[in-house]
Colleague: 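Here it is, the structure in full.
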Amino acid sequence: MSSARTRGLWIDGQVTDAAEGGTFPTFNPATGQPICEVARADAADVERAVEAAGRAGEHWRARSGTERGRILHRAAELMRTHRDELAELEALDGGKPIAETPEADVDSGADCLEYFAGQAASLQGEYQPLDGGFFYTRPEPLGVCAGIGAWNYPLQIACWKTAPALAAGNTMIFKPAELTPLSALRLAELFREAGLPDGVFNVVNGEAETGQALTRHPGIAKVSLTGEAGTGKKIMKDAADTLKTVTLELGGKSPLIIFDDADLDNAVSGALLGNFYTQGEICTNGTRVFVHESIHDDFMERLVQRTRRLKIGDPLDPDTDVGALISQGHLEHVLGYIEKGRAEGARLVFGGERAPVNGCEGGAFVQPTIFTDCTDDMTIVREEIFGPVMSVLRFRDEAEVLERANDTDYGLASGVFTSDLTRAHRMADNLEAGICWINHYNITPIEMPFGGVKQSGLGKENSRRALEFYTRLKSVFVATSDVEAPY
Ligand code: NDP
């Protein structure tokens, strides 16, 4: 059995070692120190998880939606009871400020369980009378689903994938990102305490190979990934052999457009939220900030003034606004982009350096960084950085900014700050993105569909729409008259 310093896998309602006994360390990004060892699942463990999830599914899908919802509801309550502990775990394993995690990670995960607890009872088909009979449709669960998570919102991602899957009668095997393996294991314990039957939720930690074993497994009906666009393509190819359905929540390089009639303080708040929250490690971030040329200087002055106030520090310190990047490797990656920004002629107006933090000497800290006078062809403007690096670009008119905003392979999110409502809706109509925030940025209420277009993904999470991606529709025709056969 796993020791106190080693966290096991969670299969069939039990903690278990990996079949081959493999483990890997997980680190605190703020110090670089290992937190503990974690069992690494290989193909044999994935096999065990698929068997357990398959068995559990036979009973789970037979329960009423109300019953399934009741358990999800209890799990949400338990998340709220353990809010502080879960928030600390997310901060410890992910480097995220403790000022953010109670709300952004724990509450949003619990909201999701609660929302789909309510939806579970309302899954309905259609009915239509026809000549000689009628038909009805049955939304049925897909079976065993796999969720594969990114490291930036580990608990939230686990909830966003698991809640709709379970509400619809599926079972779930979740693979967290290797860099943040801990919170999904704690979620599994809370699910059990809430009364979730063994095997309905399983956690197999590991690396890309573990994800691949899930994606290729013929016993799995669906894969939902949150990760990079390149990973999404690999998963789609791997899933093709067994014709699995996929939901892909991928990267982005989203535009945030600030018109000259915008409320400037709100616009600055949007730009800060859309670039520096969670150290900029958010897929929907509005990292291309287009500012109307007539307000550029005023905007920059207010932006820099407020950015200066952000406190970079130990994620566990409640006063910290900007925590640690996920790893030293990622820090190098982000610093590399900052260097490219300088080399390609963008004007650095704030940050741009590593940020030493007392007591966290081995941590991966970087200053919130702002470039202006950026041009559309610069590397920092074209590629997803996934760190606190904002690129400001000037624009002159609506048609021009729209064309430039859409000139990207990605299409996850977008934002528009303006007091002209007609223009706001016109922009929402024409922006090529799965989400458009008008006079706000980066809020993701559970009731609102979430997901990208173009290279940012396929399918939707959250809202009632998510259930469509965890069910398949069976059409049932019922004859009410004799069969007329010409033979
Ligand atoms: P990755 O794509 O590197 O990894 C995502 C997950 O996929 C990890 O669990 C990873 O395992 C696993 N994985 C990697 N390769 C394979 C494979 N071939 N088959 C199956 N699974 C695989 O993304 P990151 O974790 O680095 O997260 C950052 C990215 O996620 C950014 O691009 C960001 O934009 C995107 N993202 C998108 C969101 C959205 O909702 N649209 C939200 C949050 C992030 P392991 O890590 O263990 O190698």
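All ligand and atom numbering here is 1-based and tracks the order in the structure.
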Colleague: Please, which pairs that meet ring pair (Phe, Tyr, Trp, His ring centres under 6.0 Å) have at least one residue in residues 155-189, sequence neighbours excluded?
Modeller: Trp160-Phe450
Colleague: What residues sit with at least one heavy atom under 4.0 Å from ligand 1?
Modeller: Ile148, Gly149, Ala150, Trp151, Asn152, Lys175, Pro176, Ala177, Glu178, Gly206, Glu207, Ala208, Gly211, Gln212, Leu225, Thr226, Gly227, Glu228, Thr231, Lys234, Ile235, Glu249, Leu250, Gly251, Cys283, Glu384, Phe386, Leu412, Phe450
Colleague: Taking Thr210 for the side chain and Ala41 for the main chain, is one N or O donor matched with an acceptor at less than 3.5 Å?
Modeller: yes
Colleague: Only one of Ile385, Ile282, Thr287 forms a side-chain contact (heavy atoms from CB on, under 4.5 Å) with Asn275, so which one is it?
Modeller: Thr287
Colleague: Side-chain donor-acceptor pair under 3.5 Å between Glu461 and Thr247, yes or no?
Modeller: no
Colleague: Tell me the closest heavy-atom pair linking Glu178 and Phe24, and the distance in Å.
Modeller: O-CE1, 3.3 Å
Colleague: Quick one about Thr26 and Asp93 (side-chain donor to acceptor, distance below 3.5 Å, no hydrogens or angles considered), yes or no?
Modeller: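 Looking only at side-chain atoms, Thr26 and Asp93 do form a donor-acceptor pair, the distance falling under 3.5 Å.
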